[in-house]
There are 6 protein chains.
Amino acid sequence: MPVITIRIGKGRPIETKRAAAQAITDAVVSTLGVRREWVTILFDEYDRENWATGGELHVDKFGPGFGAAGTETGASGRGSHEQ
Amino acid sequence: MPVITIRIGKGRPIETKRAAAQAITDAVVSTLGVRREWVTILFDEYDRENWATGGELHVDKFGPGFGAAGTETGASGRGSHEQ
Amino acid sequence: MPVITIRIGKGRPIETKRAAAQAITDAVVSTLGVRREWVTILFDEYDRENWATGGELHVDKFGPGFGAAGTETGASGRGSHEQ
Amino acid sequence: MPVITIRIGKGRPIETKRAAAQAITDAVVSTLGVRREWVTILFDEYDRENWATGGELHVDKFGPGFGAAGTETGASGRGSHEQ
Amino acid sequence: MPVITIRIGKGRPIETKRAAAQAITDAVVSTLGVRREWVTILFDEYDRENWATGGELHVDKFGPGFGAAGTETGASGRGSHEQ
Amino acid sequence: MPVITIRIGKGRPIETKRAAAQAITDAVVSTLGVRREWVTILFDEYDRENWATGGELHVDKFGPGFGAAGTETGASGRGSHEQ
């Protein structure tokens with residue numbers, strides 16, 4: 001009966017959450033050996049002014065926008081969300 | 001920079017945690033579009049006397065042992081961990 | 001000085017929270033033997049798109065509405081909130 | 001499907017947790033209108049050296065023992081646990 | 001790589017959060033011996049109807065406003081935020 | 001009445017926690033404008049096998065020991081704790 005809390009930056013569309021809930025549940029079920037229906041996932045979304053690393057708010061570090069291209073994953077081309 | 005907390009029953013071996021950390025990180029990276037090195041995973045392990053569902057402690061519901069065969073996932077054969 | 005966090009579906013009226021805070025505090029004081037004024041209760045409310053069980057978002061499972069009659073407690077007649 | 005986390009001082013016997021899980025679940029079911037079997041309760045126990053109020057560790061404030069008579073609820077006679 | 005969660009009453013301006021993130025990170029770095037860039041701080045803001053102490057919601061105890069002068073720190077003159 | 005949770009690697013001595021509780025409380029009081037006696041700090045300590053970044057357990061990444069010299073803060077000379 002795992003309870004999984006995922007703290008992320010605010011602003012992802014529902015499709016992203018749907019895919020994440022599915023994929024993370026798959027990963028949990030296959031590695032931890034629990035029943036699928038017992039897995040609970042909770043997304044805790046944070047505004048950039050409520051998240052800081054290195055003593056600096058993300059709104060100051062990255063600007064108010066969310067996922068501006070290339071700011072985060074750079075050359076990996078994987079995308080640009082940062083939180 | 002997602003921070004992921006996984007509350008589970010105590011007693012899984014390190015191999016299980018290693019596999020879970022890897023698979024869950026994979027799932028997070030591919031669906032949430034974050035850099036791999038930014039994903040933090042924390043396992044919060046609980047004794048069965050510190051976890052209750054339906055008002056009943058798991059130590060009373062399932063006994064003190066962990067993962068006794070068949071108690072949880074039954075016919076699915078997937079294993080028997082329950083928390 | 002217990003700190004109690006209650007994760008629930010978003011949308012309950014203040015009267016419900018008032019009653020819950022009171023009843024849960026009563027339960028904590030009488031069973032854990034702590035002073036009433038030391039009990040802290042925090043409600044963490046979740047949108048249905050931020051809560052998943054079995055790999056499925058609750059907004060997909062139960063629809064966007066909150067507490068549609070009968071979906072949850074059924075014959076018990078106790079109500080219909082599900083989160 | 002409320003998930004309830006109870007942070008308390010370490011050291012309570014299982015009977016106390018059993019009674020607390022029951023009473024808190026009762027309170028949740030009757031006030032929040034959820035099915036009994038969907039209520040999850042998790043006890044997070046803390047050593048006195050991991051809990052501070054007013055900038056002072058509880059081990060320094062109250063001593064290493066747990067629940068020494070009278071230190072907490074005093075004249076109320078309700079007991080003496082403080083966390 | 002400490003992850004620090006700060007639960008506070010909703011309504012503080014960004015300047016306050018900026019100063020708090022900085023000062024708390026300073027305190028963590030100098031006392032816990034971790035690299036500055038590894039410190040993560042998350043602010044969890046609560047409405048007054050989602051926070052209760054002594055079984056009473058803060059909206060009932062303190063009113064709906066935030067930080068009405070003198071209600072909290074009184075003579076200390078330090079300000080009046082209460083959560 | 002802020003409630004502050006600090007997730008760190010297990011193994012720091014009580015003197016370190018005492019200093020951290022004090023310094024963090026100072027930082028909170030001076031920047032958030034709350035009464036000192038209302039600040040609660042909770043240390044959540046994690047074994048290295050319960051903490052992963054980048055999909056890798058810290059026990060695999062850094063070894064089982066805690067704070068081996070130089071692994072973390074290197075030239076900064078600030079110390080060597082990494083979690």
Side-chain angles (χ1 to χ4, degrees), chain C residues 1-13 15-46 48 51-54 58 61-62 66-67 69-83, chain D residues 1-13 15-46 48 51-54 58 61-62 66-67 69-83:
Chain C
M1 304 179 135
V3 178
I4 295 155
T5 306
I6 302 176
R7 295 179 168 89
I8 47 170
K10 191 175 266 179
R12 286 177 174 80
E15 293 74 26
T16 301
K17 293 175 186 174
R18 189 178 287 129
Q22 214 163 67
I24 294 165
T25 301
D26 287 348
V28 166
V29 167
S30 68
T31 58
L32 294 179
V34 291
R35 286 200 219 172
R36 188 172 187 83
E37 66 267 29
W38 281 8
V39 180
T40 295
I41 291 185
L42 298 160
F43 293 104
D44 280 344
E45 297 185 296
Y46 287 83
R48 282 187 175 204
W51 194 307
T53 43
H58 283 195
K61 218 172 189 164
F62 303 115
F66 176 75
T71 50
E72 297 303 324
T73 55
S76 82
R78 211 183 266 119
S80 55
H81 296 148
E82 90 286 350
Q83 297 175 320
Chain D
M1 304 179 136
V3 177
I4 295 153
T5 304
I6 302 175
R7 292 179 170 89
I8 46 170
K10 190 175 267 178
R12 285 176 175 81
E15 293 74 28
T16 300
K17 294 176 186 174
R18 189 178 286 129
Q22 213 164 65
I24 295 166
T25 302
D26 287 348
V28 166
V29 167
S30 68
T31 57
L32 295 178
V34 291
R35 284 201 220 170
R36 189 172 186 82
E37 66 267 30
W38 282 7
V39 179
T40 295
I41 292 185
L42 298 160
F43 293 103
D44 281 343
E45 298 184 296
Y46 286 82
R48 283 188 174 203
W51 194 309
T53 43
H58 283 195
K61 219 172 188 163
F62 302 116
F66 174 76
T71 50
E72 296 304 324
T73 53
S76 82
R78 210 185 267 120
S80 53
H81 297 148
E82 89 284 353
Q83 298 176 319

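Each chain gets a letter, A, B and so on, in the order the sequences are listed, and its residues count up from 1.
- For the set D:V28, D:T5, D:I4, the entry with the most heavy-atom pairs within less than 4.5 Å of chain C is D:T5.
- One finds the OG1 atom of C:T25 at 9.5 Å from the CD1 atom of D:I24 (value rounded to the nearest 0.5 Å).
- Closest of all the heavy-atom pairs between D:T31 and C:A19 is CG2-O, 3.6 Å.
- At least one side-chain heavy atom of D:T16 sits less than 4.5 Å from a side-chain heavy atom of C:L32.
- Residue contact with chain C, scored on non-hydrogen atoms closer than 4.5 Å, is absent for D:T40.
- D:A27 approaches C:A27 most closely through the heavy-atom pair CB-CB, 4.4 Å.
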